[in-house]
Amino acid sequence: MFDWSNCDSYNVICVSEGDKLEAENFIEEIILKDLENKRFDCVQTRHPPEPSGYLHIGHVRNIILNYGIAEKFGGVCNLRYDDTNPTKESQEFVDAIQEDVKWLGYHWNQIHYATDYFQKNYEIAIEFIKKGLAYVCDLSPEELSKSRGTLTTPGVESPYRNRTIEENLRLFEGMKNGEFKPGERCLRAKIDMASPNMNMRDPVIYRIQTNHHQRIGNSWKIYPSYDFSHPLDDCLEGVTHSICGPEFEDHRPLYNWVVENSGLKNHSRQIEYANLYIKGAILGKRFIKKLVQDGKVSGFDDPRLYTIRGLRRRGVLPNSLKNFVKATGVSKSNALIEPAFFEHFVRDELNSVSKRVMAVLNPLKVIITNFEGEEDVLLEDYPQNETTTQRVYKFTKELYIERTDFEKVPPPKFKRLFPNGEVRLKGAYIVKCVGFDEDKDGNVTCVYCEYDKNTKSGSDCTKKVKGTIHWVSEKYSKKIEVRLLDNLVEEESADVVEGQEHAVDDYNINPNSLVILNNCLIESDVEFNFDDRYQFLRMGYFCLDKDSTNEKLVFNRTITLKEGKF
RNA sequence: UGGGGUGUAGCCAAGCGGUAAGGCACGAGACUUUGACUCUCGCAUGCGUAGGUUCAAAUCCUGCCACCCCAGCCA
């Protein structure tokens with residue numbers, strides 16, 4: 001449990017007077033002003049996920065903001081699970097969230113749980129009752145809902161609103177002791193049933209909850225609602241700035257009402273920012289869950305998903321994700337971002353760290369008719385780095401090229417192989433196509449080439465050809481499985497934005513979102529591991545998938561190379 | 001319809017009374033043993049809209065329009 005003796009000593013690291021920090025967004029502007037005005041003399045944030053689902057790309061902005069701002073201002077950020085609803089939550093998610101945050105490279109100061117504060121919340125609730133700010137209401141959920149009024153008509157006050165403090169205290173104690181069933185009674189804040197802000201119409205701040213809780217079991221029978229526990233926990237923990245999504249904007253008056261009446265020393269400030277969506281990305285915990293349940297994807301780490309683990313399995317690096325989110329900025333208008341923007345940051349990082357390897361996804365056999373034996377050629381591992389290492393590869397008579405790199409009749413501006421055309425085989429020789437075989441359907445089955453022995457890579461060969469293609473030696477290659485990933489959702493239905501009720505059912509699943517290629521060939525002497533990233537020359541960026549076995553390596557294509565114009 | 005929030009290019013986004021940053025996308029060109037990368041150039045007489053204030057307005061004022069959020073004992 002949380003050590004309350006320390007709860008007033010949270011302002012450990014403070015921004016020193018001499019530091020001149022510049023605000024990078026409106027939230028930091030607010031923080032800077034608070035510091036200048038001495039409203040706070042330090043900054044503390046919190047990352048408050050509810051353990052009811054896996055983290056996805058939409059959560060990253062909140063994570064970056066909370067952990068990032070704490071770091072920038074020399075403060076701390078605690079991970080605090082908002083675990084006040086056992087009907088939705090589980091330990092599985094608790095564990096997964098920590099794993100994902102770590103993977104992103106962030107460090108929390110302490111881990112707390114909203115349930116840690118239940119005793120304190122309860123004590124404060126009693127104070128609210130004693131001050132006449134809260135009352136036990138016997139209305140059923142249906143009755144309560146009706147009495148709340150509508151957007152345009154005020155609510156009506158509960159007949160239980162003016163119970164005596166003593167009766168409220170006794171009833172609340174009864175709720176706590178399990179004397180009533182869920183829904184039978186609740187504790188409500190006494191604010192204003194006529195408020196134009198629905199959240200201020202005597203909101204429920206405690207309800208009876210008998211489900212088993214992943215952390216505290218059945219020890220508590222009453223649970224504070226978010227609107228009551230969150231502001232309190234922020235203050236108790238020493239949070240100065242409580243950064244949250246736009247849906248809580250309307251709750252801010254309630255947040256402040258709770259804070260101001262709590263009697264707590266620290267008064268936290270809630271700041272809301274807008275959500276980030278990606279066109280065609282299915283976000284939203286319940287939508288993702290449905291995809292998994294319906295078997296539309298293989299699990300929460302399906303590489304087509306925008307969950308943190310999905311992206312991770314796909315091969316996206318944490319910094320790409322962070323750079324992307326940072327580049328979207330922070331504003332108060334919801335952003336629906338084009339996937340191309342995200343992809344740019346994925347490629348940007350992969351380009352600089354990926355080892356270059358030759359792999360043929362869709363093999364077409366080539367025979368070099370005038371070549372015998374085998375010969376060493378040199379290939380650069382990291383040509384994007386000046387200090388790249390090199391490796392030796394074998395050039396042989398029989399090899400494979402990409403089927404799409406040969407055309408019987410070349411279209412205009414075609415730069416690769418065609419009858420009588422010349423092309424360079426990457427790192428090796430310039431070859432000329434001197435013929436090909438085809439089956440009775442007209443499919444090319446083998447291409448015959450002659451190599452020009454004066455054109456070896458690295459020699460001072462002056463001959464130039466328009467195209468360079470990748471290849472793999474038949475003898476020095478091995479078979480791999482490659483998974484090509486594409487948008488899970490068909491483009492036509494991609495306009496549907498997360499947040500809309502009908503979302504998942506309106507999406508059309510793209511049948512080609514996962515294409516498995518079983519007969520790909522790759523250089524046999526390169527060693528692969530799970531931590532590294534690879535560029536299969538001209539074919540995109542790949543990473544090893546967890547489904548790999550000793551017999552067969554499985555690669556996911558994280559993303560294609562940018563497609564040039566031709 | 002009440003309340004809250006938001007509208008700057010195809011997508012994000014700076015801008016905070018002095019004459020529209022930047023990124024992505026897109027287009028043109030250079031380079032290239034990856035049609036990648038890199039580089040160069042281009043890309044809003046215009047800031048949701050209509051008025052008003054001002055020497056000067058995306059910035060201030062007023063009206064209107066559009067979109068998002070709120071009527072869980074969810075968060």
Side-chain angles (χ1 to χ4, degrees), chain A residues 25 29 48-50 52 82-85 87-89 114 137 139-141 144-146 148-155 182-188 195-201 203-209 222-223 225-227 229-230 244-253 272 274-276 279 285 324 327-345 347-348 351-352 356 358 380 383-384 413-416 423-428 430 455 457-458 461 464-470 497 499-500 535-540 560-566:
Chain A
N25 52 249
E29 260 173 44
E50 184 192 17
S52 60
D82 240 327
D83 59 345
T84 56
N85 184 2
T87 63
K88 288 186 174 178
E89 302 156 6
C137 181
L139 254 27
S140 71
L144 198 158
S145 177
K146 272 183 196 156
R148 197 172 348 248
T150 70
L151 296 179
T152 50
T153 57
E184 229 173 83
R185 284 180 224 266
C186 63
L187 185 71
R188 292 225 262 163
S195 172
N197 181 346
M198 300 296 291
N199 297 297
M200 300 299 268
R201 319 244 265 224
V204 171
I205 56 174
Y206 260 94
R207 78 278 196 183
I208 297 168
Q209 171 62 266
I222 50 171
Y223 279 65
S225 61
Y226 168 90
D227 283 317
S229 68
H230 205 95
C244 64
E247 68 273 30
F248 295 109
E249 214 142 16
D250 285 345
H251 294 243
R252 189 171 358 118
E272 313 85 16
N275 287 146
L276 177 160
K279 194 175 178 184
K285 292 171 182 173
F324 159 69
T328 63
V330 186
S331 70
K332 295 204 66 163
S333 60
N334 282 167
L336 211 212
I337 295 168
E338 294 173 339
F341 192 61
F342 174 57
E343 291 167 359
H344 169 261
F345 293 93
R347 287 195 187 96
D348 193 47
N351 176 238
S352 62
R356 311 289 136 124
M358 294 204 289
E380 292 178 319
Q384 73 277 30
K413 296 194 177 172
F414 187 72
K415 290 168 66 171
R416 287 106 71 187
V423 75
R424 173 173 290 280
L425 294 178
K426 176 73 182 178
I430 290 176
T455 61
S457 277
C461 146
K464 298 280 181 198
V465 285
K466 277 192 287 185
T468 298
I469 62 174
H470 60 100
V497 183
Q500 296 180 3
Q535 186 198 98
F536 292 178
L537 238 49
R538 305 204 302 133
M539 302 312 288
T560 61
L561 257 33
K562 209 174 158 186
E563 308 261 341
K565 288 280 161 293
F566 54 94

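Computed from heavy atoms alone, side chains included, the values below leave out hydrogens, waters and symmetry copies. Proteins come first, then strands; the chains are lettered A, B, ... in the order of their sequence lines, and each starts at number 1.
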Protein-nucleotide distance (A/Leu151, atom CG; B/G72, atom P), rounded to Å: 10 Å

Listed partners of A/Asn25 passing side chain to side chain donor-acceptor pair (under 3.5 Å), at least two apart: none

Inter-nucleotide C1' distance (B/C43, B/G4), Å rounded: 37 Å

Touch class at under 4.0 angstrom, heavy-atom based, for A/Leu139 against every strand present: base

A/Gln535 or A/Gln209, whichever maps to the more 5' nucleotide of RNA chain B: A/Gln535

Verdict with supporting geometry, A/Thr328 and A/Phe341, side chain to side chain contact (heavy atoms under 4.5 Å, CB included): CA-CA 9 Å; A/Thr328 63; A/Phe341 192 61; 3.8 Å; yes

Pairwise C1' distance for B/U54 and B/G17, with rounding to whole Å: 9 Å

Sugar-phosphate, base or nothing in reach of A/Gly458, heavy atoms under 4.0 Å: base

Sugar-phosphate, base or nothing in reach of A/Ser225, heavy atoms under 4.0 Å: sugar-phosphate

Sugar-phosphate only, base, or nothing, as touched by A/Glu50 at under 4.0 Å among non-hydrogen atoms: sugar-phosphate

Sugar-phosphate, base or nothing in reach of A/Val330, heavy atoms under 4.0 Å: sugar-phosphate

Set of side chain to side chain donor-acceptor pair (under 3.5 Å) partners for A/Asn334, sequence neighbours left out: none

Any A/Ser145 side-chain N or O less than 4.0 Å from OP1/OP2 of B/G72: yes

N/O donor-acceptor pair under 3.5 Å between A/Ser195 side chain and A/Met200 backbone: no

Partner nucleotide, any strand, of B/G2 [Watson-Crick/G-U, under 3.5 Å]: B/C70

Sugar-phosphate only, base, or nothing, as touched by A/Arg356 at under 4.0 Å among non-hydrogen atoms: base

N or O in side chain of A/Arg538 less than 4.0 angstrom from B/G35 OP1/OP2: yes

Counterpart base for B/G7, defined by Watson-Crick or G-U wobble contacts under 3.5 Å: B/C65

Side-chain N or O of A/Lys464 closer than 4.0 Å to phosphate OP1/OP2 of B/U33: yes

Side chain of A/Pro196 - closest among B/A71, B/U34, B/G2: B/G2

Pairing partner of B/U53 (Watson-Crick or G-U wobble, both distances under 3.5 Å): none

Atom-pair distance (CG on A/Asn275; C1' on B/C12), nearest Å: 15 Å

Residues forming a salt bridge (Lys or Arg N to Asp or Glu O under 4.0 Å) with A/Glu50, sequence neighbours excluded: none

Which residues share a side-chain contact (heavy atoms from CB on, under 4.5 Å) with A/Glu380, sequence neighbours left out: A/Pro383, A/Thr388, A/Gln390

Same-atom distance (P) from B/U59 to B/A9, integer angstrom: 15 Å

Phosphate-side-chain proximity, A/His344 and B/C24, N/O vs OP1/OP2 below 4.0 Å: yes

Contacts of type side-chain contact (heavy atoms from CB on, under 4.5 Å), residue A/Ser352, not counting sequence neighbours: none

Polar-atom pairs under 3.5 Å, protein N or O versus N or O of nucleotides 5-10 of chain B: list them with distances, or write none.
residue : atom : partner  : partner atom : Å
B/G10   : N2   : A/Glu338 : OE1          : 3.0

Touch class at under 4.0 angstrom, heavy-atom based, for A/Thr150 against every strand present: base

Pairwise side-chain contact, A/Gln535 with A/Gln384, heavy-atom cut-off 4.5 Å (strictly under): no

Inter-nucleotide C1' distance (B/A20, B/A14), Å rounded: 10 Å

Separation of B/G35 C1' from A/Leu537 CG (nearest whole Å): 12 Å

Distance, C1' atom - from B/C12 to B/U53, rounded to whole angstrom: 33 Å

Ring geometry between A/His251 and A/Tyr226 (parallel below 30°, tilted from 30 to 60°, perpendicular above 60°): perpendicular

Watson-Crick or G-U wobble mate for B/C41, both contacts under 3.5 Å: B/G27

Any A/Lys562 side-chain N or O less than 4.0 Å from OP1/OP2 of B/A25: yes

For B/G27, glycosidic torsion class - syn if within 90° of 0, otherwise anti: anti

Residue pair A/Pro141 / A/Gly183: nearest heavy atoms and the distance that separates them: CD-O, 3.6 Å

Sugar-phosphate only, base, or nothing, as touched by A/Asp250 at under 4.0 Å among non-hydrogen atoms: base

B/G23: syn or anti, per glycosidic angle within 90° of 0: anti

Nucleotide B/U34, atom P - distance to CD1 of A/Ile430 in whole Å: 12 Å

Donor/acceptor link under 3.5 angstrom from A/Asn197 side chain onto base of B/G4: no

Check: A/Glu184 side chain, B/C73 base, donor-acceptor under 3.5 Å: no

Residue whose closest nucleotide on RNA chain B lies nearer the 5' end, A/Lys88 versus A/Phe414: A/Phe414

B/U62 versus B/U19 - spacing of their C1' atoms, nearest Å: 24 Å

Sugar-phosphate, base or nothing in reach of A/Arg424, heavy atoms under 4.0 Å: base

Sugar-phosphate, base or nothing in reach of A/Gly427, heavy atoms under 4.0 Å: base

Separation between the C1' atoms of B/A50 and B/G7, rounded to whole Å: 16 Å

Sugar-phosphate, base or nothing in reach of A/Pro383, heavy atoms under 4.0 Å: base

Phosphate OP1/OP2 of B/A75 contacted by A/Thr84 side-chain N/O (<4.0 Å): yes

Distance test, side-chain N/O of A/Arg207 to OP1/OP2 of B/C74, below 4.0 Å: yes

Sugar-phosphate, base or nothing in reach of A/Glu380, heavy atoms under 4.0 Å: nothing

Nearest-angstrom distance from the residue atom CZ of A/Arg416 to C1' of B/U33: 15 Å

Sugar-phosphate only, base, or nothing, as touched by A/Pro141 at under 4.0 Å among non-hydrogen atoms: base

Side chain to side chain contact (heavy atoms under 4.5 Å, CB included) between A/Glu247 and A/Asn275, worked out: CA-CA 9 Å; A/Glu247 68 273 30; A/Asn275 287 146; 4.2 Å; yes

